[in-house]
Protein chains: 2
Amino acid sequence: MGMVSTRTYGQFCGFARAVEIVGERWAMLLVRDLLVGPKRFGELQRGLPKIPTNILTARLKELEAAGIVRRRASTQPGGGVLYELTPSGEELEPAVLALGRWGAKNVLDAPRPDEIVTNDSMIMALRTTFQPKNAKGVHASYELRMGPVVIHARIGNGKIETGAGPLPDADLIIDAGPALKSVMTGEISPREAIANKSVHIIGDPALFDRFAELFKI
Amino acid sequence: MGMVSTRTYGQFCGFARAVEIVGERWAMLLVRDLLVGPKRFGELQRGLPKIPTNILTARLKELEAAGIVRRRASTQPGGGVLYELTPSGEELEPAVLALGRWGAKNVLDAPRPDEIVTNDSMIMALRTTFQPKNAKGVHASYELRMGPVVIHARIGNGKIETGAGPLPDADLIIDAGPALKSVMTGEISPREAIANKSVHIIGDPALFDRFAELFKI
DNA sequence: CTGGATCCTCAACGATACTG
DNA sequence: CAGTATCGTTGAGGATCCAG
């Protein structure tokens, strides 16, 4: 059994205690995906294909014991269990966004072989890079495609709403590869990205200019 | 040898990449202490008494390889090496503060047996809980003592400056134990804490009321 | 004395097979 | 679908030793 002495840092400190819990391997990734919405065991597994099932089980139990995650009976057919964040777990969002911002800016270079993009990682990337200051008075909706991943976002009242899947009435559809990152960092202009075909859009190019204002790394 | 496949999450995502680096055991604690200031190997070791030396060496090398930490020759007697954050490393501060806030509020209960408080953990705790909104027009300086740990803070222009050691001309000296946390969460009032002797102050009690406004969990 | 390197042990992780 | 069980591998913990 896990003795108390392991996995602790021995400091009476909020930060150290936080890291003891969410610093475990895979834990923060689970929180990231659950920030997008409640999920079942299998959905979590599909969103994190490389996590072993026993580790997924162990982490969920630990996060539950820490009051970050709770199990709820699904109201859907066949029942089953849903994992969702508690209010305390939801409060991790600022930390997740801050780390995501840092990572996108400082350590995200080119995709490595076999690296994937998932619905939830894309959705959180949008939330991470969203610039409320540039969203004043903006009302727009986007569908974003990256390979098999399709998500969408609506901007209104200076806020963002995100979701998985297509958005039939989207103002603009953006079909992009990793080059989208270069647009978000400002390395290349939106028009350039369209011109050299590293990004393909369906809709008004001006809306893609707007997109580059709304989401910055 | 450590193949590339270990310790990665296989996702092209800023957040996942960040966690691959700073999610390693001890890594975030090292960043926390280095955010306070550059340090030598032995100082880092004393600030994190439970870290094995080989792990400290390994983490410093990894953080250096990731561009977060750099080594600098000390200008002090005998030379020696100083470890300090790079600009990229400094940019981790928002994430560290966000995690610290979450931990202080959600998972920091009572001190566990053998848990210690260090200079750097106290300093970062002050920075974490500092409320700029309540510091408008405030000009005050505090010396804070917790057992053997003595640090200080100066508030001015809505900003905070922190440092290790005493502050001879401090407006107020606060000598407290873990009960200080209860004051910062609002569980007990500053005056109560003084009355029941869980906090001892040298100076005007009104300045301790002010302290409780400036630092909140 | 600082700044490590080396060794061994054991707990945690990773891969996969299996079960209610 | 939602986990357990098993087992090999990797990294952390702890003590000791070495070089400048």
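All chains are named by letter (A, B, ...) in the order of the sequence lines, taking the proteins before the strands, and each is independently numbered beginning at 1.
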**Q.** Nearest-nucleotide pick for K61(A), side chain only, options being dG3(D), dG14(C), dT4(D)
**A.** dT4(D)
Q: Measure distances between side-chain N and O atoms of T53(B) and base N and O atoms of dA5(C), and say whether any donor-acceptor pair falls under 3.5 Å.
A: yes
Q. Base, sugar-phosphate alone, or nothing: which one does T57(B) contact when heavy atoms must sit under 4.0 Å apart?
A. sugar-phosphate
Q) Mapping W26(A) and L60(B) onto DNA chain C by nearest heavy atom, which one lands closer to the 5' end? A) L60(B)
Q.
Please determine whether a side-chain nitrogen or oxygen atom of R71(B) lies at a distance below 4.0 Å from atom OP1 or OP2 of dG3(C).
A. no
Q) Is it true that K50(A) and E20(B) have a side-chain N and a carboxylate O under 4.0 angstrom from each other? A) no
Q) Will you find, in the side chains of R32(B) and Q11(A), an N or O donor that is under 3.5 Å from an N or O acceptor? A) yes
Q.
With a 4.0 Å limit, can you tell me whether R25(A) has a side-chain N or O closer than that to the phosphate oxygens OP1/OP2 of dG14(C)?
A. yes
Q) Among residues 36-46 of chain A, which residues get a heavy atom nearer than 4.0 Å to DNA chain D? A) R40(A), F41(A), G42(A)
Q. Is the NZ or CZ atom of R25(B) positioned over Y9(A)'s six-membered ring, under 6.0 angstrom from the centre and within 45° of the axis?
A. yes
Q | Nucleotide of dC13(C), dA5(C), dG3(D) approaching R7(A) most closely (side-chain heavy atoms) | A | dC13(C)
Q. Taking CD from E24(B) and P from dG13(D), how many angstroms apart are they, rounded to a whole number?
A. 11 Å
Q: Please state how far atom NZ in K50(A) lies from atom C1' in dT16(C), giving the value in whole angstrom units.
A: 16 Å
Q) Can you check the I51(A) CD1 to dA2(D) P distance for me, whole Å? A) 15 Å
Q.
Using modelled atom types and a 3.5 Å cut-off, is there a donor and acceptor pairing between side-chain atoms of N196(A) and backbone atoms of S198(A)?
A. yes
Q. Over how many whole Å does the gap from E20(A) atom CD to dA12(D) atom P extend?
A. 16 Å
Q: Evaluate the salt bridge (charged side-chain N to carboxylate O under 4.0 Å, His left out) criterion for residues R154(B) and E161(B): first the C-alpha distance (whole Å), next the side-chain angles of each, then the deciding distance (0.1 Å), finally the verdict.
A: CA-CA 5 Å; R154(B) 289 178 188 277; E161(B) 280 178 26; 5.1 Å; no
Q.
Output the rounded distance in Å from CG (L48(A)) to P (dG14(C)).
A. 11 Å
Q) Given dG13(D), is OP1 or OP2 found less than 4.0 Å from the side-chain N or O atoms of Y9(A)? A) no
Q: Return yes if the base of dG3(D) and the side-chain atoms of N54(A) contain a donor-acceptor N/O pair under 3.5 Å, otherwise no.
A: no
Q. Quick one: which of T129(A), T118(A), D33(A), L97(A) gives a side chain to side chain contact (heavy atoms under 4.5 Å, CB included) with M124(A)?
A. L97(A)
Q) Rounded to the nearest Å, what distance is computed from the CG atom of residue L29(B) to the P atom of nucleotide dA12(D)? A) 14 Å
Q | salt bridge (charged side-chain N to carboxylate O under 4.0 Å, His left out) contacts touching residues 116-128 of chain B (sequence neighbours left out) | A | K39(B)-D120(B), E93(B)-R127(B)
Q: Could you check E115(A) against R17(B) for salt bridge (charged side-chain N to carboxylate O under 4.0 Å, His left out), going step by step and ending with a plain yes or no?
A: CA-CA 11 Å; E115(A) 270 190 342; R17(B) 292 285 190 91; 2.8 Å; yes
Q: Tell me, with the steps shown, if E91(A) and K105(B) meet salt bridge (charged side-chain N to carboxylate O under 4.0 Å, His left out).
A: CA-CA 10 Å; E91(A) 289 183 37; K105(B) 180 175 175 197; 3.0 Å; yes
Q: Locate the shortest heavy-atom distance separating V22(A) from M28(A); write the atom from each residue and the value.
A: O-CG, 2.9 Å
**Q.** Euclidean distance, atom OH of residue Y83(B) to atom P of dG3(C) [Å, nearest integer]
**A.** 7 Å
Q. Between I55(B) (CD1) and dC8(C) (C1'), how many Å, whole number?
A. 14 Å
**Q.** Which nucleotides of DNA chain C pair, in dot-bracket form (Watson-Crick or G-U under 3.5 Å, | meaning another strand)
**A.** |||||||||||||||||||.
